[in-house]
A.B. asks: 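Pasting a structure below so you can have a look.
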Number of protein chains: 2
Amino acid sequence: MTKKVKLADIAKLANVSAITVSRALSTPDKVKPETCDKIQRIAAELGYIPNLMAKGLKARSKTIGVIVPTIINPFFANALKSIIRSASKTGYTCLFFSSDESAAMEQNAVNTLISYNVDGIIIAVISEDEDYRPSYFATLAKLNIPVVLLDRQIEAPHSGGVYLDNVDSGYKLGKTVAKGRHQRILLVSGSANSKVANSRLAGIKMALEECASGAQLDIIKADFNSALAQQLTAEYLLGNQPDAVIGLNNQITLGALEACVQHGLRPDQDVAFYSIDEIATAKHFGVTIPCIKHDVEEFGYHAVTQLIRTIESDNSEKHAEIIIRGVVMA
Amino acid sequence: MTKKVKLADIAKLANVSAITVSRALSTPDKVKPETCDKIQRIAAELGYIPNLMAKGLKARSKTIGVIVPTIINPFFANALKSIIRSASKTGYTCLFFSSDESAAMEQNAVNTLISYNVDGIIIAVISEDEDYRPSYFATLAKLNIPVVLLDRQIEAPHSGGVYLDNVDSGYKLGKTVAKGRHQRILLVSGSANSKVANSRLAGIKMALEECASGAQLDIIKADFNSALAQQLTAEYLLGNQPDAVIGLNNQITLGALEACVQHGLRPDQDVAFYSIDEIATAKHFGVTIPCIKHDVEEFGYHAVTQLIRTIESDNSEKHAEIIIRGVVMA
DNA sequence: CTGAAAGCGCTAACAA
DNA sequence: TTGTTAGCGCTTTCAG
């Protein structure tokens with residue numbers, strides 16, 4: 001077992017001081033080219049890996065923290081992936097945490113990120129209920145650590161946010177549904193005080209009303225997970241026979257879908273499905289689910305860009321909101 | 001904007017020295033109860049959050065690093081989730097990185113973890129090809145940082161590993177397939193030099209031979225992603241008509257499934273599907289895919305437990321391998 | 001262009 | 001039980 005190689009080790013071999021080595025590796029222009037070359041060669045030979053702990057103790061850490069409620073949901077998994085990619089392009093490292101849908105773990109993750117001296121945080125909070133007011137936002141504000149909200153908007157001091165245009169998504173999907181000339185439409189929504197759900201719902205209603213299709217619209221309030229959607233849909237099906245089902249997010253659609261097939265209804269044939277958020281696996285099963293697809297790559301990109309801009313322009317820039325619009329995939 | 005609260009701040013208010021505060025918060029038994037209470041109260045009031053950078057500069061970081069090739073694959077997403085849960089129960093923090101299936105990013109992630117002074121690393125390497133010999137293993141060995149391999153076994157110095165019993169999984173699935181009395185079975189495998197794929201394949205062959213079903217077995221070598229499996233299956237279907245398809249992992253099964261439905265074959269009815277790894281979404285579509293399901297929770301648990309044991313028993317313990325067996329889900 | 005000194009926040013080691 | 005000193009590895013002054 002060897003000890004970790006440090007600046008002093010390289011310095012000794014190169015007959016210079018540690019600070020020169022530091023400069024050769026971080027700000028090469030400040031060192032005479034020959035010296036610089038020699039140092040870099042020695043560093044490479046020794047397999048030098050800088051100690052971020054020591055570095056971060058003084059300066060900027062060049063690190064951003066990311067917190068999502070779950071990585072099982074492909075939406076967040078993809079967002080995470082694009083965030084990591086965008087960040088690494090700009091020379092930032094990402095520290096990632098999952099709050100596992102728990103307020104305690106979310107708080108915890110924030111603390112850990114503060115512990116690690118992150119320069120900023122991108123967070124998709126666990127809930128967008130109106131009464132969810134996590135206290136860590138105040139802490140972050142005090143410490144001047146910028147926060148970019150992802151997808152879920154809440155009332156809290158933060159420096160920016162990247163959201164979906166949920167009314168627009170609903171509206172577009174509604175227009176698509178209207179073309180289907182259905183008689184009886186089941187809409188499975190998210191929780192009653194979710195702004196995302198309500199915006200999507202409003203958009204859909206608007207579109208359907210505009211088209212005056214005359215279709216009956218039944219609405220179930222579930223939540224953004226598949227289990228409840230499945231259960232409530234199953235109950236609904238006992239006394240009703242829709243010819244179209246709309247899921248307000250990917251998980252809901254999957255739950256409703258399951259309830260329908262269990263009830264003997266064949267997707268596409270007996271009942272048409274529509275979804276906000278893509279159901280990526282549908283194609284594997286040969287099922288067509290027209291949907292509003294959101295460009296998750298873009299989502300991550302904007303979150304990172306916005307955060308880094310705020311970080312580097314220090315003066316707590318004007319609070320910006322970026323809205324991503326979805327596109328219809330039929 | 002406030003500066004971060006540090007030990008000295010608390011110390012001043014409590015009329016004690018910084019080290020006492022440190023002790024009150026980390027090792028309370030070493031401080032007089034009253035003093036301890038007072039300090040803890042003040043710390044809480046001030047919202048003290050320890051600086052891990054400073055802490056990690058000296059001592060053990062109580063942190064483990066985790067690297068997986070992708071989080072889009074539910075297998076790894078779930079593994080990650082269970083690792084995080086297990087680790088947090090034992091008081092360790094996880095730093096997580098995705099190598100995005102790239103050797104460079106993997107190397108990078110390892111370096112970053114070393115930078116952060118992690119006490120140990122759990123890694124699912126990007127490839128188990130025989131010629132994949134990443135150099136960082138030597139580095140980690142030198143630094144005495146224990147490594148637990150996850151799922152993918154390679155020749156490299158490491159202190160432990162948690163793997164699936166792939167021959168067993170293949171065998172069990174083979175037995176299940178045999179019961180179906182199929183005439184013509186298509187098996188879509190992983191890459192030719194993947195030990196995981198070959199073990200599963202061997203197990204399946206063994207089971208089928210034992211049952212002397214007389215079925216014809218066609219084997220396609222693809223890889224563990226769905227795109228190639230889909231493409232090769234599609235080509236195969238142009239000249240062949242299987243009544244059963246076996247996918248050697250979840251991605252392969254999905255790819256093969258897609259090729260079949262595009263070719264007009266209905267799952268369950270025209271062709272039976274079997275898979276190693278669960279296809280969780282199948283139930284949403286009302287499709288039954290008998291499979292070998294692996295307890296991913298256990299996977300993560302063992303990886304963490306093993307790693308922490310090695311970390312805490314310092315003396316580079318005997319190299320242990322843990323094998324998880326899958327169960328049939330029909 | 002290079003170096004010496006100081007200090008980031010925390011905690012071993014050694015007093016008191 | 002508590003405090004002092006020193007130092008972890010690096011970088012930011014300030015000098016040369």
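In this text the structure is predicted, and so the values were computed from the model without any measurement. The figures here come from the full heavy-atom set of this structure, side chains too, leaving out hydrogens, waters and symmetry mates.
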A.B. asks: Check the distance between C/dC10's C1' and B/Ile10's CD1 and give it to me in whole angstrom.
C.D. replies: 12 Å

A.B. asks: Please determine whether a side-chain nitrogen or oxygen atom of A/Thr20 lies at a distance below 4.0 Å from atom OP1 or OP2 of C/dT2.
C.D. replies: no

A.B. asks: Measure OH/B/Tyr48 against P/C/dC10 and give the value in whole Å, please.
C.D. replies: 4 Å

A.B. asks: Would B/Lys3 and B/Asp9 count as a salt bridge (charged side-chain N to carboxylate O under 4.0 Å, His left out) if you check the C-alpha gap in whole Å, the side-chain angles of each, and the deciding distance to 0.1 Å?
C.D. replies: CA-CA 10 Å; B/Lys3 282 298 290 177; B/Asp9 300 328; over 6 Å; no

A.B. asks: Atom CD1 of A/Ile49 to atom P of D/dG9: distance rounded to whole Å?
C.D. replies: 14 Å

A.B. asks: Given C/dT2, C/dG9, D/dT2, identify the nucleotide with an atom nearest to the side chain of B/Leu57.
C.D. replies: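 Output: C/dG9.
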
A.B. asks: Is a donor on one side and an acceptor on the other found under 3.5 Å between the side chain of B/Asp119 and the backbone of B/Ile64?
C.D. replies: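 No; zero donor-acceptor contacts below 3.5 Å.
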
A.B. asks: Looking only at side-chain atoms of A/Thr35, point me to the closest of D/dT2, C/dT11, C/dT2.
C.D. replies: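 The listed nucleotide nearest to A/Thr35's side chain is C/dT2.
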
A.B. asks: Out of C/dC10, C/dG3, C/dG9, which nucleotide sits closest to the side chain of B/Lys55?
C.D. replies: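 Closest nucleotide among those given: C/dC10.
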
A.B. asks: Take atom NZ of B/Lys30 and atom P of C/dT11, then tell me their distance rounded to the nearest Å.
C.D. replies: 12 Å

A.B. asks: Would you mind telling me which of D/dC10, D/dT11, D/dT2 lies closest to the side-chain atoms of A/Asn51?
C.D. replies: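 Minimum distance to the A/Asn51 side chain belongs to D/dC10.
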
A.B. asks: Can a side chain N or O of B/Ser22 be found less than 4.0 Å away from OP1 or OP2 on C/dC10?
C.D. replies: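 Looking at the OP1 and OP2 atoms of C/dC10, neither is under 4.0 Å from any side-chain N or O of B/Ser22.
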
A.B. asks: Among C/dT2, C/dT11, D/dT4, which nucleotide has an atom closest to any side-chain atom of B/Ser17?
C.D. replies: D/dT4

A.B. asks: Scan B/Lys4 against the nucleic acid and name what it touches under 4.0 Å (heavy atoms): base, sugar-phosphate only, or nothing.
C.D. replies: nothing

A.B. asks: When you compare the side chains of B/Asn15 and B/Lys38, does any donor N or O come within less than 3.5 Å of an acceptor on the partner?
C.D. replies: no

A.B. asks: Calculate the interatomic distance between B/Lys62 atom NZ and C/dT11 atom P; express it in whole Å.
C.D. replies: 14 Å

A.B. asks: OH of B/Tyr116 versus C1' of D/dG9: gap in Å, rounded?
C.D. replies: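 Checked: the OH to C1' distance equals 15 Å.
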
A.B. asks: Check the distance between C/dC8's P and B/Leu52's CG and give it to me in whole angstrom.
C.D. replies: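 Going from CG in B/Leu52 over to P in C/dC8 covers 19 Å.
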
A.B. asks: Assess, by modelled atom type and distance only, whether the side chains of A/Tyr116 and B/Thr63 contain a donor and an acceptor separated by less than 3.5 Å.
C.D. replies: yes

A.B. asks: Closest nucleotide of DNA chain C for A/Ala18 versus for B/Ala18: which of these residues is on the 5' side?
C.D. replies: A/Ala18

A.B. asks: With distance as the sole test, does B/Ser127 use its side chain to make a donor-acceptor pair with the main-chain N or O of B/Tyr132 at under 3.5 Å?
C.D. replies: no

A.B. asks: Side chain of B/Lys6 only, please: which of C/dT2, C/dC10, C/dT11 is the nearest?
C.D. replies: C/dC10

A.B. asks: Looking at the side chain of B/Ser26, which of D/dG3, D/dT11, C/dT11 is the nearest nucleotide?
C.D. replies: C/dT11

A.B. asks: Consider the side chain of A/Ile19, meaning its heavy atoms from C-beta on, and name the nucleotide among D/dT12, D/dG3, C/dC10 that approaches it most closely.
C.D. replies: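 Nearest nucleotide to the side chain: D/dT12.
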
A.B. asks: Output the rounded distance in Å from CZ (B/Arg23) to C1' (C/dA13).
C.D. replies: 10 Å

